[in-house]
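In what follows, every chain begins at residue 1, and chains take the letters A, B, ... in the order their sequences are listed. Computation of the quantities below employed the complete heavy-atom set of this structure, encompassing side-chain atoms and omitting hydrogens, waters and symmetry-equivalent molecules.
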Amino acid sequence: MAKILRNYKNNQLRLSNVGEVVNLVGWTSKIRNLGGLIFIDLRDRFGITQIVCKPENKYYSVMSNIHNEYVLSIEGIVLERESKNANLPTGDVEVEVTKCAILSEAVQTPLIIADKTDALEDVRMKYRYLDLRRPVMQKNLILRHNITKATRKVLDSLDFIEIETPIFGKSTPEGARDYVVPSRIHPGKFYALPQSPQIYKQLLMVSGMERYYQIARCFRDEDLRADRQMEFTQIDLEMSFVDEDDVFEVIENMLKMILKDVMNLDLITPLPRLSFDESMEKYGNDKPDTRFGLELKNITNIANNMDFVVFKEAIQNGGIVKAINIKNGASKYSRKHIDEFTEQIKKFKAKGLAWFKYDNAGISGGISKFVDEKTFFELKKYLNIEENDLILIVADKKNIVNQSLAYLRNYFGRDMELIDENKYNFLWIVDWPSFEYNEEENRYVAAHHPFTMPKDEWKDKLLTDPGKCYSKCYDIVLNGYELGSGSIRIHEQSVQKDMFKAIGLTDEEAQEKFGFFLDAFKYGTPPHGGIALGLDRLAMLFTHSTSIRDVIAFPKTANAMCPMSEAPSYIDDYQLKELKIVFEKEKE
RNA sequence: GGUCUCGUGGUGUAGUGGUUAACAUGCCAGUCUGUCACACUGGAGAUCGCGGGUUCAAGUCCCGUCGAGACCGCCA
């Protein structure tokens with residue numbers, strides 16, 4: 001085949017090119033055949049150029065037999081259009097065909113190749129290669145590329161080096177479920193795919209690399225969600241000789257650069273910081289969307305003085321009472337709506353949703369008959385209750401109250417249109433508790449991971465008062481999503497020993513579980529810490545996608561399958577034999 | 001593991017237990033020389049996811065199953 005000529009992309013031609021002979025390639029995006037006059041929108045990754053062909057043209061019969069998605073190579077002359085299209089960068093010109101070669105024909109596509117396809121996601125997944133022809137999807141992947149490009153640029157300028165760590169590793173005893181790969185050479189043994197390069201990046205600090213980063217693929221065998229895939233990508237980094245503020249500064253600089261390069265937005269730094277406890281109190285979760293207010297208010301004290309048995313019981317059982325005030329919600333939401341909200345929060349095990357409305361006639365509905373004048377006076381002041389407000393109250397165990405109201409807060413943020421979609425509200429959640437108490441196992445477990453450095457003032461109190469310990473752990477949150485998580489790590493062996501003791505691990509058990517990792521720390525370990533940011537989530541939020549699947553070229557469905565390739569699949573018996581894997585026959 | 005929603009031409013939807021399953025878009029053909037969501041005319045295209053049941057009669061009701069999605073659990 002002759003060399004395919006192409007001297008312009010389909011977004012390039014302007015009035016200044018009029019008269020030039022140009023060579024274009026692309027897919028047939030749209031045909032408008034007016035009988036005596038054929039227009040073809042020729043699409044490539046960069047844009048669309050209108051091709052025109054008149055009846056006297058010797059390629060007229062060729063052109064009139066072209067169908068959608070045919071791949072064409074066009075030679076033509078750039079002309080000024082008689083009627084221009086202001087919606088298209090190339091809308092002032094068109095290319096009159098002088099030569100046309102059909103490089104490839106196409107049958108009818110199962111989905112329409114346009115930004116607004118009418119296909120649902122399973123069809124799009126099955127024909128992902130066609131879905132990815134849609135300009136909006138190409139834009140998403142290009143934006144993702146721009147994020148990694150900016151990331152590499154800024155981290156390189158800050159002396160970070162990109163180092164690849166193994167995909168085949170050793171199964172880690174804690175954390176998410178591992179994906180495992182059988183070893184043929186060592187029958188019965190398995191490699192584990194990394195949940196994150198955590199172990200390796202810390203070892204690289206022991207190695208003296210000082211500043212490492214990686215655009216790292218991570219694997220977790222847990223159920224999928226709109227914002228969670230079985231394999232996902234993290235911007236993973238680790239630094240030596242640093243404390244929390246140093247990590248924040250690097251990430252803030254990096255995000256500033258990414259936002260500028262990718263979105264042309266100026267990020268104001270330093271980013272706001274919120275303690276974990278404060279976040280739970282005000283927003284009910286550890287990843288607040290701060291683009292709107294609607295904060296949770298703790299009314300336990302006021303509720304305790306009310307003559308309402310539901311509140312009293314909840315408080316007596318160690319629970320709390322919190323409220324949100326939906327401004328102008330009284331007239332918008334009917335009793336039926338409120339019943340639906342109640343139904344929704346049952347998934348968090350909330351037993352009910354107390355509510356009342358306020359207007360100039362006073363309070364009404366829900367629990368209003370339990371709200372006496374004095375109580376209302378206090379609530380009105382504390383919750384800033386005004387005309388037409390709807391007050392929603394949950395009384396239960398602390399985490400049920402927080403989960404329920406955090407859910408409702410996000411719902412009303414959207415439903416009352418309180419969210420400015422053009423805002424990117426990054427913030428740090430800092431000062432995390434070191435431990436969570438696991439009631440099932442009756443012991444403390446590491447809230448982050450057992451290598452997280454406690455705050456200086458708690459370093460020597462891990463054993464005496466673990467429940468109150470805070471650690472040098474931080475999350476970065478964007479618009480209600482956990483974007484990244486990191487910590488300063490323990491580099492002192494005495495602190496590490498206390499940490500293991502606090503979570504009930506003996507020296508022998510710790511050695512057995514984390515052996516080579518702990519050994520490495522004996523040979524001179526710099527203070528170090530790091531963070532990992534979810535690239536998929538960042539790209540999802542920048543593109544205003546509703547799922548990370550829209551910024552991943554070939555994602556899996558919620559059921560961890562690929563409708564296109566039909567992975568996962570059974571393998572041949574000889575492969576199983578070679579791996580010495582035997583399945584037990586299913587018993588009925 | 002659990003809860004909920006959905007499954008009807010290529011695609012997206014409508015469809016009171018009762019005629020030939022409707023509409024939009026896409027596709028095919030025809031008319032048309034300035035369209036750009038071209039317009040107009042005509043046409044093809046559906047074993048209503050699959051299996052069973054109730055019924056004189058099932059796209060519609062029931063049970064099961066498979067598939068898709070959202071959420072809970074899970075994700076140190």
message: Which label fits F517(A) and F451(A): parallel for a plane angle under 30°, tilted from 30 to 60°, or perpendicular past 60°?
response: perpendicular
query: When the C1' atoms of A39(B) and U35(B) are considered, how many whole Å apart are they?
result: 10 Å
Identified pairing partner of A70(B), criterion: Watson-Crick or G-U wobble below 3.5 Å: U3(B)
- request: Please tell me which of the listed nucleotides, G12(B), C72(B), C75(B), lies nearest to the side chain of V123(A)?
  value: G12(B)
- prompt: Over how many whole Å does the gap from Y70(A) atom OH to C27(B) atom P extend?
  reply: 12 Å
- prompt: Would K455(A) count as a cation-pi partner of W458(A), with NZ or CZ less than 6.0 Å from the six-membered ring centre and within 45° of the ring normal?
  reply: no
- request: Mind checking A226(A) for me? I need base, sugar-phosphate or nothing, with any heavy atom below 4.0 Å counting as a touch.
  value: sugar-phosphate
Among H528(A), Q496(A), E238(A), side chain to side chain donor-acceptor pair (under 3.5 Å) partner for R489(A): E238(A)
field: 5'-most by nearest nucleotide on RNA chain B - Q198(A) or S547(A)
entry: S547(A)
- request: State which residue, out of Y179(A), F219(A), F168(A), fulfils the ring-ring contact (aromatic ring centres under 6.0 Å, His included) condition with Y191(A).
  value: F168(A)
- prompt: Are any non-hydrogen side-chain atoms of R414(A) and I419(A) less than 4.5 angstrom apart?
  reply: yes
- prompt: Does C38(B) have OP1 or OP2 sitting under 4.0 Å from an N or O in the side chain of R32(A)?
  reply: yes
Heteroatom pairs (N/O) under 3.5 angstrom, protein to nucleotides 31-34 of chain B:
residue	atom	partner	partner atom	Å
C32(B)	N1	L34(A)	O	3.4
C32(B)	O2	L34(A)	O	3.4
C32(B)	N3	N33(A)	O	3.3
C32(B)	N3	L34(A)	O	3.4
C32(B)	N3	G35(A)	N	3.2
C32(B)	N4	N33(A)	O	3.4
C32(B)	N4	G35(A)	N	3.3
U33(B)	OP2	G36(A)	N	3.2
G34(B)	O6	K54(A)	NZ	3.1
G34(B)	N1	E94(A)	OE2	2.8
G34(B)	N2	E94(A)	OE1	2.6
G34(B)	N2	E94(A)	OE2	2.9

task: Give me the residues of residues 550-567 of chain A where at least one heavy atom lies under 4.0 Å from an atom of RNA chain B, by number, or none.
output: T557(A), A558(A), N559(A), M561(A)
- request: With heavy atoms under 4.0 Å as the rule, sort R124(A) into base, sugar-phosphate or nothing.
  value: nothing
task: Looking only at non-hydrogen atoms, find the nearest pair between L204(A) and T165(A) and report the distance.
output: CD1-CG2, 4.3 Å
- request: Round to a whole Å and report the spacing from CD of Q108(A) to P of U25(B).
  value: 15 Å
task: Could you check which nucleotide pairs with A44(B) in any of the strands shown, counting Watson-Crick or G-U wobble with both distances under 3.5 Å?
output: none
message: In terms of relative ring orientation, are Y333(A) and F341(A) parallel, tilted or perpendicular, with 30° and 60° separating the classes?
response: perpendicular
message: With nearest nucleotide decided by heavy atoms, which residue, L88(A) or R549(A), maps closer to the 5′ end of RNA chain B?
response: L88(A)
Side-chain heavy-atom pair V52(A), V97(A) within 4.5 angstrom cut-off: no
- prompt: Going by atom types alone, do N402(A) and K322(A) pair a side-chain donor with an acceptor below 3.5 Å?
  reply: yes
query: Roughly how far apart, to the nearest Å, are G52(B) and A14(B) at atom C1'?
result: 28 Å
message: Quick check for you: among C38(B), C72(B), G12(B), whose closest atom lies nearest to any side-chain atom of K30(A)?
response: C38(B)
field: Phosphate contact (C28(B) OP1 or OP2) by H67(A) side-chain N/O below 4.0 Å
entry: yes
message: Does R225(A) contact G73(B) through a side-chain donor or acceptor facing the base, at a distance under 3.5 Å?
response: yes
- request: Determine the Euclidean distance between corresponding C1' atoms of G64(B) and G45(B); express it in Å to zero decimal places.
  value: 32 Å
query: Can you check the K287(A) NZ to C75(B) P distance for me, whole Å?
result: 13 Å
message: With rounding to the closest Å, how many angstrom separate the C1' atoms on A58(B) and G17(B)?
response: 6 Å
task: Could you check whether N68(A) gets within reach of a base, just the sugar-phosphate, or nothing at all, counting any heavy atom under 4.0 Å?
output: sugar-phosphate
message: What verdict does the ring-ring contact (aromatic ring centres under 6.0 Å, His included) test give for F514(A) and F500(A), after you've listed the backbone C-alpha separation in whole Å, the side-chain angles of each residue and the deciding distance to 0.1 Å?
response: CA-CA 11 Å; F514(A) 305 107; F500(A) 284 141; 5.6 Å; yes
message: For the C1' atoms, the ones on G2(B) and on G59(B), what distance do you get once it is rounded to whole angstrom?
response: 30 Å
query: Who does A37(B) pair with, Watson-Crick or G-U, both distances under 3.5 Å?
result: none
query: CZ of R177(A) to CD of E222(A): how many Å apart, nearest 0.5 Å?
result: 4.5 Å
message: What's D223(A) touching, base or sugar-phosphate or nothing? Going by heavy atoms closer than 4.0 Å.
response: base
task: Sort out the partner of U65(B) for me: Watson-Crick or G-U wobble, both distances under 3.5 Å, none otherwise.
output: G49(B)
- request: Could you tell me whether the side chain of V123(A) reaches within less than 4.5 Å of the side chain of K126(A), counting heavy atoms only?
  value: no
- request: Provide the distance between the two P atoms, one in G53(B) and one in U16(B), to the nearest whole Å.
  value: 25 Å
field: Identified pairing partner of C23(B), criterion: Watson-Crick or G-U wobble below 3.5 Å
entry: G12(B)
message: So K84(A), base contact, sugar-phosphate only, or nothing? Heavy-atom distance under 4.0 Å.
response: base
- request: Send over the distance from E340(A) CD to U5(B) P, rounded to a whole Å.
  value: 13 Å
- request: Determine, using ring centers only, whether Y129(A) and F554(A) are less than 6.0 Å apart.
  value: no
task: Please work out which residues in residues 395-410 of chain A have a non-hydrogen atom less than 4.0 Å from an atom of RNA chain B and list them by number.
output: Q403(A)
- request: Could you tell me whether R228(A) contacts a base, only the sugar-phosphate backbone, or nothing, with contacts defined as non-hydrogen atoms closer than 4.0 Å?
  value: base
query: Considering residues, nucleotides and ligands other than R45(A), do more than 12 of their heavy atoms fall under 6.0 Å from its CZ?
result: no
Nearest-Å distance for atom pair CD/C1', residues E343(A) and A70(B): 16 Å
